[in-house]
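Let me begin by presenting the structure, written as structure tokens, before commenting on it.
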Amino acid sequence: MLFARYISSPRVSQCVKSSISRVLKYSQRGYSTPAVQSRVTADFVSTLRDIVGEKNVSTADAIRDQHSHDESHHRASLPDVVVFAESVEHVSKVAKLCNDVVVPLIPFGSGTGLEGGVNALEGGVCLDLTKMDQIVSVNAEDFDCTVQPGVMRQSLNSYLRDTGLFFPIDPGADASICGMCATSASGTNAVRYGTMRENVLNMQVVLPDGRVFYTAGENRRMKKTSAGYNLTNTFLGSEGTLGIITEATVRLFGIPEKTISAVCHFKTVKEAVDTVVSILQCGIPMAKLEFLDDMAIDAFNKYSKYDMEKAQSLFLEFHGPASGLEDQCMAVKELIDMNNGYGFKMAEDADERNRLWKARHEILWACCSLVPGSKPYSTDVCVPISNLPELIVKTKELITEAGVIGPIVGHVGDGNFHVFFPVNHEDKESFQKVSDISHKMAHLAMDLDGTCTGEHGIGMGKRDYLMKEIGETGLGVMRQLKQTFDPNGIMNPKKVLF
């Protein structure tokens with residue numbers, strides 16, 4: 001009766017009426033539906049259309065569904081309306097409108113996140129930035145470029161190819177550059193080139209009240225500065241909770257003259273990780289140092305049609321001038337032999353190297369293929385490298401004791417690794433076991449001087465761990481920052497902070 005009276009009210013937008021009338025349907029599909037007290041009215045949607053144009057506002061079920069989730073295991077949550085911005089002016093005006101009316105605003109890039117960062121937990125407006133897809137400038141002599149939020153990582157590198165430069169941060173998925181800024185992403189190349197925090201020089205940000213500013217000053221793209229507070233790193237990793245990143249200036253690197261890939265195997269996890277520590281202690285400039293355990297190799301073989309030995313394995317890559325690169329490979333091989341490694345194979349052919357790393361990047365879906373109907377439940381812990389063997393060994397023990405499938409994949413050169421649990425939401429028992437392991441891993445990592453998230457971010461899934469990780473005072477400072485930039489709490493609510 002209450003629903004009927006509410007739906008009949010002329011003050012309620014059609015999209016909210018539709019959402020209410022389909023609550024049961026969405027619940028059956030595993031959706032989380034926002035509270036009914038949404039401020040998205042017919043007049044509000046009409047004003048959005050006046051700002052960005054009729055074609056750029058959608059309340060269609062399919063579009064809202066597409067923007068209700070990322071690639072994580074977290075249940076989808078529908079926005080009331082999806083808005084496609086075509087300019088920073090659009091973003092500014094939409095943000096100001098949402099702030100004035102106090103409507104939740106969730107920035108949306110490519111939707112490739114793994115912590116539910118785009119799920120509209122309180123409904124509101126999902127602001128899709130993919131139409132802002134221009135490469136604003138490339139300064140080849142200065143090794144930097146500036147891009148809009150719709151520019152994807154692979155597209156940027158295709159565009160840069162003729163300049164002899166590339167953008168090295170590679171999280172695996174073809175994510176948007178500004179989305180990678182929002183989560184402070186990294187990936188397989190981080191051991192040599194660093195993470196987004198080391199490779200972003202400046203960002204244009206739209207604040208919740210519509211103001212636009214540059215974190216390092218307009219048109220600034222210097223490699224270092226001591227001018228005031230580090231606003232660039234304040235917004236890096238803020239996950240859309242402080243403002244909307246509408247432009248990013250990032251560092252570029254020269255495409256290496258020669259690239260060699262290699263793979264090797266070990267009988268134990270400790271031997272593999274000890275090898276990584278030895279390589280880094282010797283100062284060998286590795287481009288990639290990736291660990292896959294025996295379960296991950298099994299998934300790798302089945303999904304990507306490989307016939308690799310099912311063992312604890314390292315995937316390595318070397319970048320540099322042709323002269324001397326093979327010497328680096330041989331030095332690494334000696335360290336592998338010293339740690340009882342075997343089966344060392346090098347690949348210089350571009351096609352074979354690309355096939356090998358393509359399979360590595362597809363490992364998430366390879367793991368999901370082990371359990372039909374599953375979605376990836378990904379952990380993301382990171383510790384000092386000296387503590388990595390202990391954490392991986394304990395994690396494997398937890399997985400074995402629970403009797404679940406949990407392939408381990410790690411950017412071990414950084415002390416960061418993931419367990420890609422393939423989980424079917426209908427299997428409540430397995431889902432609970434996986435959740436318990438993830439929880440224990442996060443606490444183990446923090447007990448070993450590490451973090452609950454090395455690169456995926458906090459999102460909606462890891463908020464409980466922040467108190468332990470940064471302490472009550474640190475959390476209070478973060479809340480003060482949030483209050484300063486977003487006093488009405490409209491930006492991506494219930495993410496990072498409660």
Side-chain angles (χ1 to χ4, degrees), residues 56 63 66-67 70-71 82 84-88 90-91 107-114 117-118 126-190 192-205 221 236 240 244-256 259 287-288 317 319 350-351 353-355 357-362 364-365 455-457:
N56 286 326
I63 301 299
Q66 178 188 348
H67 292 80
D70 56 15
E71 299 291 353
V82 178
F84 296 85
E86 294 183 341
S87 66
V88 67
H90 281 174
V91 176
F108 187 97
S110 57
T112 55
L114 289 169
V118 299
C126 179
L127 185 61
D128 188 309
L129 302 164
T130 54
K131 289 189 176 183
M132 297 172 63
D133 59 356
Q134 297 301 303
I135 297 173
V136 178
S137 64
V138 175
N139 305 292
E141 298 87 352
D142 298 322
F143 292 83
D144 67 62
C145 70
T146 300
V147 300
Q148 291 185 329
V151 174
M152 308 297 285
R153 177 181 64 84
Q154 291 181 2
S155 298
L156 175 60
N157 279 329
S158 294
Y159 184 92
L160 292 170
R161 190 170 291 122
D162 291 342
T163 68
L165 303 174
F166 80 121
F167 177 66
I169 312 303
D170 180 3
D174 188 19
S176 65
I177 302 297
C178 289
M180 291 166 64
C181 292
T183 57
S184 190
S186 56
T188 57
N189 283 324
R192 174 150 184 173
Y193 299 100
T195 72
M196 291 300 287
R197 289 199 183 275
E198 293 80 46
N199 288 286
V200 178
L201 305 176
N202 199 356
M203 293 188 295
Q204 182 189 67
V205 175
R221 49 188 182 84
L236 271 165
I244 305 140
I245 301 168
T246 50
E247 201 173 272
T249 300
V250 298
R251 299 179 67 181
L252 304 176
F253 293 78
I255 296 173
T259 299
K288 298 179 181 180
E317 191 161 281
H319 291 177
D351 289 340
R353 284 191 291 103
N354 291 338
R355 179 171 174 254
W357 288 108
K358 179 177 183 291
R360 162 61 185 87
H361 287 325
E362 291 175 347
L364 182 67
W365 311 116
E455 57 185 10
H456 294 166

Please tabulate, for the side chains in residues 172-187, all donor-acceptor contacts under 3.5 angstrom to protein atoms that are two or more places apart in sequence or on a different chain.
unit_1, atom_1, unit_2, atom_2, d
D174, OD1, R153, N, 3.4
D174, OD1, Q154, N, 2.9
S176, OG, G179, N, 3.1
T183, OG1, G179, O, 3.3
S184, OG, R197, NE, 3.3
S186, OG, E455, OE1, 2.6

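The distance between the ring centers of Y193 and F166 falls below 6.0 angstrom. F84 has its ring centre less than 6.0 Å from the ring centre of H67.
Pairing each heavy atom of L114 with each of L364, the nearest pair is CD2-CD2, 4.2 Å. Scanning both residues, I244 and P107, for their nearest heavy atoms gives CG1-CG, 3.9 Å. Counting all heavy atoms, side chain and backbone alike, V250 lies closest to V200 at CG1-CG2, 4.2 Å. Considering all non-hydrogen atoms of both residues, G194 and I169 come closest at O-CD1, 3.1 Å. Closest approach of R192 and A287 over heavy atoms only: CB-CA, 3.8 Å. The two residues T130 and G109 make their nearest non-hydrogen contact at CG2-O, 3.2 Å.
Crowding of F253 atom CZ: a count of heavy atoms from other residues, nucleotides or ligands under 6.0 Å exceeding 12.
Within the model, atoms CG of D70 and CZ of F108 stand 8.0 Å from one another, a figure rounded to the nearest 0.5 Å. Separation of atoms CG (L236) and CD (E198) is listed at 9.5 Å; rounding is to 0.5 Å. The distance from atom CZ of R221 to atom CG of D142, rounded to the nearest 0.5 Å, is 4.5 Å. With rounding to the nearest 0.5 Å, the separation of CG in L201 from OG1 in T146 is 8.0 Å. N56 contributes atom CG, which lies 4.0 Å from atom NZ of K131 (distance to the nearest 0.5 angstrom). A distance of 12.0 Å separates CD of E317 from CZ of R360, quoted to the nearest 0.5 Å.
In this structure, I135 and Q148 have side chains that are not in contact, with every pair of non-hydrogen atoms separated by 4.5 Å or more.
Side-chain polar atoms of H361 and D170 form a donor-acceptor pair below 3.5 angstrom. For the residue pair T246 and Q204, a side-chain donor N or O sits within less than 3.5 Å of a side-chain acceptor on the partner.
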Q: Start with the C-alpha gap between V151 and M132, add the side-chain angles, then the distance that decides, and say whether side chain to side chain contact (heavy atoms under 4.5 Å, CB included) holds.
A: CA-CA 8 Å; V151 174; M132 297 172 63; over 6 Å; no
Q: Please lay out, stage by stage, how R251 and D144 fare under the test salt bridge (Lys or Arg N to Asp or Glu O under 4.0 Å).
A: CA-CA 4 Å; R251 299 179 67 181; D144 67 62; over 6 Å; no
**Q.** Criterion side chain to side chain contact (heavy atoms under 4.5 Å, CB included) on L160 and L252, from CA distance to verdict
**A.** CA-CA 9 Å; L160 292 170; L252 304 176; 3.6 Å; yes
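A side-chain contact (heavy atoms from CB on, under 4.5 Å) with C145 holds for exactly one of L156, T249, N139, L165; it is L156.
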